[in-house]
Every structure is written in structure tokens, then in C-alpha cells.
S.K.: 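One structure follows; several queries about it will come next.
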Amino acid sequence: MAEPLLAVCDLSMTFLRRSSLFGRRERRIHALKEVSFAIEAGATLGVVGESGCGKSTLARCLLRLLQPSGGNVRFAGVDLLSLSDEAMRRMRQRMQIVLQNPFSSLNPRLNGFDLIAEPLRTHLTMSRKGMVEKVASLLAEVGLTSDFMGRHPHQLSGGQAQRIALARALALNPAFVILDEPTSALDVSVQAQIINLLIRLQRQRGLAYLFITHDLSVIQHISDRIAVMYLGEIVEEASSEQIFAEPQHPYTQALLSSTPSPDPASSRQRIILPGTAPSAANPPAGCAFHPRCAQVMECCRTVYPAPRPTSADRMVSCHLYESAQEMEKN
Ligand code: SF4
């Protein structure tokens, strides 16, 4: 079987933090714990979870903007964690990222032309005429006219700025783009336009996406598969259809219950989660979700629920899906 475009296995990221300003003791904060998934060329994995669950740390580890503490990342058959810094810099031409707030990610001193041409100048040798043509064609691809070459970020709306950020990310013909909450700073109507643009670009260019969001409804139509993260771990992974039709993990069920249903006859009951997600610096024992879970059992307070397949192509970390024998052992 062909290797997927991106294969992530047991990726972990641990930060060391001093317990106080003058304290000598260091605490380990497990921001990512043995995260595994794969993305095929041209496909989208949606990653959803509350703020602080490790989604953005995951994005930075994949691009090696943070050096992971353990695990393995293979992109296009290459082991990324063993590459030299220079080889990784070259590899990032094929792996791009688009961030939540284009106004903080785009240099305010540069106009649209220079923002999009910057990666071309850094990585390729092109004539000025060739560069102008390339920037114009990238602008057209994201639905903007050549007039935007002369505009600075402060002269753009949120949607226009995000289109410029996308054109910049596409300049070097990447195969894979990480979209880190790319629509959450935008109005709802503009969000839909950007999602439709992303879907069109994916079809035209065969792009693979990792789409990070805190809002499950945003990724319903763009994701082939969805990974649900809680406190640095993937607690459920399944196809988008499976997640929306039959969420298995109680946390996924709660996230789904808070998304608006397109069916007015839907009897979906809102599940309100008590409290906020615990700190990764002091995670609960057993299942990290147990202090907020409506279905908590005695074993959940002490025994970690290992990820397990619940069918050929889905995975969940929850004691509810253990066999009777496994339950007995707990
Ligand atoms: Fe809830 Fe227990 Fe499942 Fe954790 S393992 S999600 S506490 S039922």
C-alpha cells in the first residue's frame, strides 16, 4: 500500500517549566501525548478541540518550528525529524501554514505584491516580469484582482487579508497546508466564502490540509476525517460522516451537541460541560476528561483509557468501548 503524504506516529511534545520564579524544581508539561494520524494527498484532516488542547503545538511540531520530544513524522516518504535545519527549510516550501489572524501574520509594511512575492524571492530565481505574472495569477486564484498588489494589510478587509495570506502560502506550490483556525477571526458570511475557496483550491491543486479549529461545524464539509483533541491527546478519530452521525467519545458528543443542526426536527440535546479543560501542567489521573464527563465510571478516575479501534477505520480512547473482560481487569 502506498505511504500517505503525511504520517505522524506517537508524536509527543513536553515543555519544562520552573514551578516558581526562583524555584529549582521543573515541571513537565505534556502538550502533546503520542499523537498519531495520517493524511493522504488531496485529503483533509480536521483537528478540533478547546483552546489549550495542543492543536497549535501540533501544527508547530509538524513544521518543526518546535522540536518534538518524541515520535515520528514522515512527509512524502521523508523522516522530517532527522532532517538538518537547511533540509527542513527547503522542505517547508512543500508544507505551508495559514494562521488565524492575517493582520498579525502579514507584515504591515509590505504591499500585496511584496507579501506574495517574498517566498518566491527567497526560494526561487525569477525575473521581475515573471514574478509580477506569478503574483497576478495567485491573486486571481484566490479571487482578487491585480489591484491588490498595491494595497497594504490595513487597506484590506479580514477576508481579503486572509486571501492574500493564502496566495502567499500557495506561492511555492505546496502539497500540504496547515490551516490554523483560518476562519475564526472572520464574519460568518466571509467564513463560508473562505471555506468554499479552500475546497476549490484543494480540488484544483490536489492539496492536503490539516484544518485546526475549536468549532466542529466549521470543518464538517471540508474534512474527510476528524481528530478530536483533549489535553494533548487525540481521543477520537473517524470519518467526518461517522463523527457527525454517531460521535462515540463523550467529549465529541458534547462538542457536537453545541453545533447548530441543519435539521430543524433534530432532537439533539445540548450537553453543557462543567468547568474548563484542566491544565496540561496538572492533568487529572486516569482519563483526563473524567472531571467533566457525564458518563464517568469508577475506573475512569484511575485507569488511563488506551486508544482502541471501534471499527476498521475509527479509534476512540474511552472505557465505555472496552470489552467486558477488559472492564473486569480495571
Ligand atoms: Fe468519560 Fe470514562 Fe470515557 Fe473518560 S473513559 S470519556 S471519563 S466514560
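Read the numbers this way: they start at 1 and go in the same order the structure lists the ligands and their atoms. Fair warning: this is a prediction, and the values are worked out from it, not measured in the lab.
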S.K.: Listed by chain and number, what are the salt bridge (charged side-chain N to carboxylate O under 4.0 Å, His left out) partners of R28, not counting sequence neighbours?
M.R.: none
S.K.: So H249 and F289, would you call those rings parallel, tilted or perpendicular, with 30° and 60° as cut-offs?
M.R.: tilted
S.K.: Under 2.8 Å from atom 3 (Fe) of ligand 1, protein N/O/S atom count?
M.R.: 1
S.K.: H221 and I199: which non-hydrogen atoms are nearest, and at how many Å?
M.R.: O-CD1, 4.2 Å
S.K.: Ion pair present between R225 and E40, side-chain N to carboxylate O less than 4.0 angstrom?
M.R.: no
S.K.: Quick one: does NZ or CZ of R151 land under 6.0 Å from the six-membered ring centre of F148, within 45 degrees of the ring axis?
M.R.: yes
S.K.: Within a strict 4.5 Å, meaning less than it, do heavy atoms of the M315 and E236 side chains meet?
M.R.: no
